[in-house]
Amino acid sequence: MNYINQAVVWLNDPLNWTNPGTGIFPLLEQHLRISAAAVLLGCLVALPVGLWLGHAGRGGGLVVVVSNVTRAVPTLALLSILPLIRAIGIGELPVILALTVFAIPPLLANAYTGLRAVDPEVREAAQGMGLSGWQLLWRVELPLAVPYLAAGFRTAAVQVVATATLAALVAGGGLGEIISEGFGLGLAKAGGQVIAGGLLVALLALSVEGILAIVERAVTPRPLRRSKRIRKSKVALAAES
Amino acid sequence: MSLPDSPALAYASAANPWFSWQYMNDNSSTVLAALGEHTLLTVEAVVVAAVVAVPLAVLAHWYRRLTGPILALSGVLYTLPSLALFALLAPFVGIGRLTVLIGLVLYALLMIVRNTLAGLGQVPEDVREAAQGMGYGRLASLLRIELPLALPGVVTGLRLATVSTVALATVGVLVGHGGLGQLISAGFHANYRAEITTATVLVVLLALVLDLMLAGAGRLLTPWLRRRAS
């Protein structure tokens, strides 16, 4: 219980919120900036590839291999290896790249599955109406795949925000720094700070999940909502964070 | 053959290789100890998680009202970043192995519960009715008919949980029990590449080996699936 009191005291200290560089606000800003960059980069890589493979109906095996391999690679390992590659260097870039690697599988798999899930009859009807490959992709397949794309985006974003906490283990910044610093100082001295950091990080992950669930619902056209198949594909893709 | 641009670079690449037999030889006992801890942590976590998760999935399967809450709770647990979970556990459980183990069990739970539940849901209704007609009670039907038929789902859950647990155990480095994660972290802080890559390769191999073992066990336990396929 003593730790919980310490956590409340730590959270009530305004300096712990605003301290430049190590306060909650600057770390949160950094956390969100790194996460956003990683998700954006992940989208730029995964969506074109996933959509094209889905459109062409090829490469399903590749999608599975990518998600299985990245599941087995520990985040900590990538976060430790990338800064030691001379071309990448230290700082925020290796963290962003490591997180991008983990953002790609859900985006890729959902883009692919979303396009494959389009009813073949719909596709044939569109082709019969004289739509070219690009028009088919852009006007028929893409709109129908929106629920999957939104689900993939949400999974990827939540995972990246959660995983970004681990950057603190390699001095990469973000909200995890509060926890990591607390452990460094020792529980006797900074147990409250560790708990406060844990609560903040948990709250951040759950809020991002909640907000994106609302966004996902909002962008999904009414007739496509509440499809059970989408939920299933998300479960199968749940990966480590 | 081109000469390196500067002596400093040549020195760095000579002294800090991505892989080194010398490192393996000099530190074999440390590496093996870390591998052992990592394996043991993973196996213990998955076994404990399975022992808790399978009955939980059966409960969720039997009592439909519990399905929502059980899945929601394990979903929330899964969304929690591992670092936050360890941070919330450590002050109460202590800095040590138990904190890592509890965290890993909690993460493995979700995948086993979900897949077991999905497996139980895929048992055809006629099979269930036939069992009932033959006089099987609820428990006997579960143990002798439904769970064996749900085995592929259970095995899928165990495989996903195992592979994720192997990767996740490295985060245990926060409380000093990360198995091979200890080496990755030590290598990072010492700026020594061979240590990181050796540990990383071992982590991926461990995940692969355990996954193959579970897949093999699953095949042996469900001979009827193979017969149908051939």
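Protein chains get the first letters and strands the later ones, always in sequence-line order, with residue 1 at the start of each.
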message: I'd like to know if the side chain of A:N16 reaches the main chain of A:W10, judged simply by a donor and an acceptor atom lying under 3.5 Å from each other, with no hydrogens or angles considered.
response: yes

task: Name the region of B:A90, side chain, backbone, both or neither, that has any atom closer than 4.5 Å to a heavy atom of chain A.
output: both

- prompt: Do you know which of A:L84, A:I81, A:V158 has the most heavy-atom pairs under 4.5 Å to chain B?
  reply: A:L84

query: Is the backbone of A:L212 close enough, under 3.5 Å, to the side chain of A:R154 for a donor and an acceptor to pair up by distance?
result: no

- prompt: Where along residues 176-184 of chain A does a heavy atom come under 4.5 Å of chain B, listed by residue number?
  reply: A:G176, A:I179, A:F183

task: Please test B:Q182 against B:E37 for side-chain hydrogen bond (donor to acceptor under 3.5 Å, both in side chains), starting from the C-alpha separation and ending with a verdict.
output: CA-CA 10 Å; B:Q182 299 292 131; B:E37 184 185 34; over 6 Å; no

statement: Of the listed A:V201, A:L169, A:V170, the one with the largest count of heavy-atom pairs under 4.5 Å with chain B is A:V170

statement: Taking every heavy atom of A:P94 against every heavy atom of A:L82, the minimum-distance pair comes out as O-CD1, 3.4 Å

query: Would you find more than 12 non-hydrogen atoms of other residues, nucleotides or ligands less than 6.0 Å from A:F153 atom CZ?
result: no

- prompt: Going by the angle between their ring planes, with limits at 30° and 60°, are B:Y78 and B:Y107 parallel, tilted or perpendicular?
  reply: perpendicular

Polar side-chain atom of B:N115 near backbone of B:V155 as donor-acceptor pair, under 3.5 Å: no

- request: For B:W62, check ring pair (Phe, Tyr, Trp, His ring centres under 6.0 Å) against everything at least two apart and list the hits.
  value: none

Set of salt bridge (Lys or Arg N to Asp or Glu O under 4.0 Å) partners for B:R219, sequence neighbours left out: none

statement: Under 4.5 Å to a heavy atom of chain B? For A:I90 that would be neither

Proximity of residues 195-218 of chain B to chain A, residues having a non-hydrogen atom under 4.5 angstrom: B:I196, B:T197, B:T200, B:V203, B:V204, B:A207

message: Using a 4.5 angstrom heavy-atom cutoff, name the option from A:L187, A:L199, A:L79 with the most pairs to chain B.
response: A:L187

query: Tell me, side chain or backbone of B:V163 under 4.5 Å from chain A's heavy atoms, or both, or neither?
result: both

message: For A:V194, which atoms come within 4.5 Å of any heavy atom of chain B: side chain, backbone, both, or neither?
response: both

message: Under 4.5 Å from any heavy atom of chain B, what part of A:L200 do you find: side chain, backbone, both or neither?
response: neither

query: Of A:E29, A:Q30, A:H31, which is the lone residue that meets side-chain hydrogen bond (donor to acceptor under 3.5 Å, both in side chains) with A:R33?
result: A:E29

query: Can you tell me if B:T222 uses its side chain to pair, donor with acceptor, with the backbone of B:L225 under 3.5 Å?
result: no

- prompt: So, A:Y112 versus A:Y148, ring centres under 6.0 angstrom or not?
  reply: no

task: Report the option among B:L85, B:L180, B:I184, B:N191 that has the most heavy-atom pairs separated by less than 4.5 Å from atoms of chain A.
output: B:I184

message: Looking at B:T165, is its backbone amide N or carbonyl O close enough to the side chain of B:T42 to form a donor-acceptor pair, meaning the two atoms are under 3.5 Å apart?
response: no

message: Donor-acceptor pair, distance only, cut-off 3.5 Å: does the side chain of B:T170 make one with the backbone of B:A167?
response: yes

